[in-house]
Asker: 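Quick one: this structure, given as structure tokens, is what I'll be asking you about.
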Amino acid sequence: MIDIKQIREDPERFKDAGRAKGFDVDIDRLLEVDSTLMSARKQLQEISTSKNRIGKSIPKLSGDEKQAALTQLSELKQQEAKHDEQIKKLQPEFDELMLEVAQPADDDVPLGKDDTENVEIRKEGDIRQFRFEPKDHVQLGQALDIIDIERGVKLAGTRNYLLKGDGALLHWALLRFAMDCMVRKGYVPMSVPLLMKDEAMSGTGYYPGAEEQTYRMEKDQLNLAGTAEVPLTACRMGEILKAEELPLKYVALSSCFRREAGAAGKDTYGLYRIHQFDKVEQVVVCENDAEQSRKFHDEILGNAEAVMRALELPYRVVNVCTGDLGRGQAKKFDIEAWMPSRGNYCETHSASKFYEFQARRMNLRYRRQKTEETRQKEKSKINFCHTLNNTVIASPRILIPLLELYQNADGSVTVPQVLRPYMNGKEQITKSSSRST
RNA sequence: GGAGCAGUGGCCGAGCGGCUUAAGGCGACGGUCUUGAAAACCGUUGUGCCGAAAGGCACCGGGGGUUCGAAUCCCUCCUGCUCCGCCA
């Protein structure tokens, strides 16, 4: 959410920002509703002042004087009702519009329509040249009996799958390796609930907007989180944190559920776009300071890159353009891994910087320590936090480049060095060995 | 799922229709004293909105109601605790 004061001051900035991102909101209407509400509230306050004053004098009055006061009060109540009604009518419209105003993108975010206009920042790692006809991850998975898409679909419909034997172990090895990397860096590991209340969904910025992408338990008014970003970012919602607690650095492993509505017919092959997957996610909550946000944005990007380098997977980092940014994101780096079967770099990670957009929505604040500055300006003691998040690893999507790039001419797959300790020392996945380690 | 109890400021806790401008305590901060610290004493100390300021308004789990007036009474929902039942 954006500070209404900022919108009042510079409406054009938010109109432009919305247009660039493809989240157009009627800013003029918002300001109109805002000023009507403000004047109604102002008059309501004056009425309350009078009511309070008269109300207090009542016990001291008697006879005609008391009667006159009571009459005056009932007149005030009528006026009050009029303004109350106006507020009740307009407040919901105001709230709705406020939730829709987009966070302006940083100046160094490229202008663009969609993901085709994202700008590559750098490439890392060499793309492997095969001296044999390589298989894709589905062919490999079937031949090695570690991926079973057919039965996944039998159980749960399209975009579902099973991982089996060494496939399951490799999947968990990746997740556990990623988790350990983060814990070593001081991130606090968390196991979190995934059925989220609406407040957590709108607090993180998913609602309104992503309802169609979300599995919802209507009976219980709960939503299956599409990422652990939701519980991790929202877990301190409504609190005033102590400055000494910051930055909060959280990491969680969770299943992720996505309806993929509107993606019908897109990426239907293999494990790329699926309804349920597992992900290790990192979240940082820091002080309200653009420079700190920038620093932690680099840090969480670096954390993910370290995992990719350790896995020796070639990737590139792109600066996501305005049209491909979410409503709340000020800037986003995607990591795209090279996927031989797709002949392209494809998104495996997404590092987002929100400034106070999410914190404002969920009323997540912190109290600054008393310094010379705050002692003079008492008002600015409490501020909204800044929030950021990034994938550490998401599997099975990461299995696509991993299986495809680590395959051998004989159809086996070499286990990356760093994962072997998590696979009972196993060095290769072969057909005959895939069921046991 | 059934029964009972409870939700008040950073924390504990009083208040049960107008002496509340939310007592009192703890903690925190500032000051006096001290070589320094502790103790003691004095003072300050919730959030949001309007306002240049003075000040005003709202908020005692959420929502609604009764009343001239609600933390206090009524309805409703939510959350937590205890006991019982069921269960991985």
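From a predicted model like this one, the values you see are computed outputs, not experimental measurements. Letters A, B, ... are given to chains in the order of the sequence lines, protein chains preceding strands, and every chain is numbered from 1.
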Asker: Which one of A:Lys332, A:Lys331, A:Lys353, A:Lys21 satisfies the salt bridge (Lys or Arg N to Asp or Glu O under 4.0 Å) criterion with A:Asp106?
Answerer: A:Lys353
Asker: In whole Å, what separates the C1' atom of B:C74 from that of B:U82?
Answerer: 27 Å
Asker: Quantified in whole Å, what is the P atom distance between nucleotide B:C60 and nucleotide B:U8?
Answerer: 12 Å
Asker: Could you please spell out the steps behind the side chain to side chain donor-acceptor pair (under 3.5 Å) verdict for A:Gln276 and A:Asn160?
Answerer: CA-CA 7 Å; A:Gln276 180 183 335; A:Asn160 281 101; 4.9 Å; no
Asker: Verify whether one side chain among A:Tyr206 and A:Asn223 offers a donor that lies under 3.5 Å from an acceptor in the other.
Answerer: no
Asker: Using modelled atom types only, decide if a donor and an acceptor are shared between the side chain of A:Gln282 and the backbone of A:Ile300 within a distance under 3.5 Å.
Answerer: yes
Asker: Between B:A71 and B:G62, how far apart are the two P atoms, rounded to whole Å?
Answerer: 12 Å
Asker: Using atom P in both nucleotides, what's the gap between B:G61 and B:G13 to the nearest angstrom?
Answerer: 14 Å
Asker: What is the distance, rounded to the nearest whole Å, between atom NE2 of A:His83 and atom P of B:C49?
Answerer: 22 Å
Asker: Can you tell me, in whole Å, how much space there is between the P of B:A58 and that of B:C5?
Answerer: 33 Å
Asker: Report the secondary structure of RNA chain B in dot-bracket form, marking unpaired bases with a dot and bases paired to a different strand with |, and treating Watson-Crick or G-U pairs with both distances under 3.5 Å as paired.
Answerer: ((((((((.[[[..)..(.....]]]((((((.......))))))(((((....))))).[[[[[..)....]]]]])))))))....
Asker: Between A:Ile240 and A:Lys77, name the one whose nearest nucleotide on RNA chain B is closer to the 5' end.
Answerer: A:Ile240
Asker: Only pairs at least two apart or in different chains count here, so list each salt bridge (Lys or Arg N to Asp or Glu O under 4.0 Å) that has a residue in residues 265-285 of chain A.
Answerer: A:Glu260-A:Arg273, A:Asp267-A:Arg273, A:Asp267-A:Arg342, A:Lys279-A:Glu281
Asker: Calculate the interatomic distance between A:Asp3 atom CG and B:G48 atom P; express it in whole Å.
Answerer: 12 Å
Asker: Give me the distances for all protein-to-nucleotides 56-64 of chain B N/O pairs that come in under 3.5 Å?
Answerer:
| residue | atom | partner | partner atom | Å |
| --- | --- | --- | --- | --- |
| B:G56 | O2' | A:Gln45 | NE2 | 3.4 |
| B:G56 | O2' | A:Thr49 | OG1 | 2.9 |
| B:G56 | N2 | A:Gln45 | OE1 | 2.9 |
| B:G56 | N2 | A:Gln45 | NE2 | 3.1 |
| B:G56 | N3 | A:Gln45 | NE2 | 2.7 |
| B:C57 | OP1 | A:Asn52 | ND2 | 3.1 |

Asker: If you define the side chain from C-beta out and look only at heavy atoms, does anything of A:Arg13 sit under 4.5 Å from A:Ile27?
Answerer: no
Asker: Any chance the side chains of A:Arg41 and A:Gln91 put a donor and an acceptor closer than 3.5 Å?
Answerer: yes
Asker: Is A:Arg397 positioned over the aromatic face of A:Tyr272, cation under 6.0 angstrom from the ring centre and no more than 45 degrees off axis?
Answerer: yes
Asker: Please measure how far the C1' atom in B:U66 lies from the corresponding atom in B:G9, and state the result in whole Å.
Answerer: 28 Å
Asker: Could you go through the side chain to side chain donor-acceptor pair (under 3.5 Å) check for A:Thr387 and A:Gln358 one step at a time?
Answerer: CA-CA 7 Å; A:Thr387 63; A:Gln358 293 182 316; 2.6 Å; yes
Asker: Quickly work out the A:Arg8 CZ to B:C50 P distance and round it to whole Å.
Answerer: 6 Å
Asker: How many Å lie between CG on A:Leu76 and C1' on B:C68, as a whole number?
Answerer: 11 Å
Asker: How close or far is atom P of B:G65 from atom CG of A:Asp84, stated in whole angstroms?
Answerer: 9 Å
Asker: Send over the distance from A:Glu199 CD to B:C78 P, rounded to a whole Å.
Answerer: 13 Å
Asker: Rounded off to whole Å, could you give me the CD-to-P distance for the A:Glu239 and B:G10 pair?
Answerer: 12 Å
Asker: Please give, in whole Å, the distance from B:C77 C1' to A:Asp198 CG?
Answerer: 16 Å
Asker: Determine whether A:Asp289 and A:Tyr355 satisfy the following criterion, side chain to side chain donor-acceptor pair (under 3.5 Å), listing intermediate values before the conclusion.
Answerer: CA-CA 8 Å; A:Asp289 177 72; A:Tyr355 295 131; over 6 Å; no
Asker: Could you give the distance separating B:U21 and B:G46 at their C1' atoms, to the nearest angstrom?
Answerer: 15 Å
Asker: In whole angstrom, give me the gap between the P atoms of B:C42 and B:G64.
Answerer: 44 Å
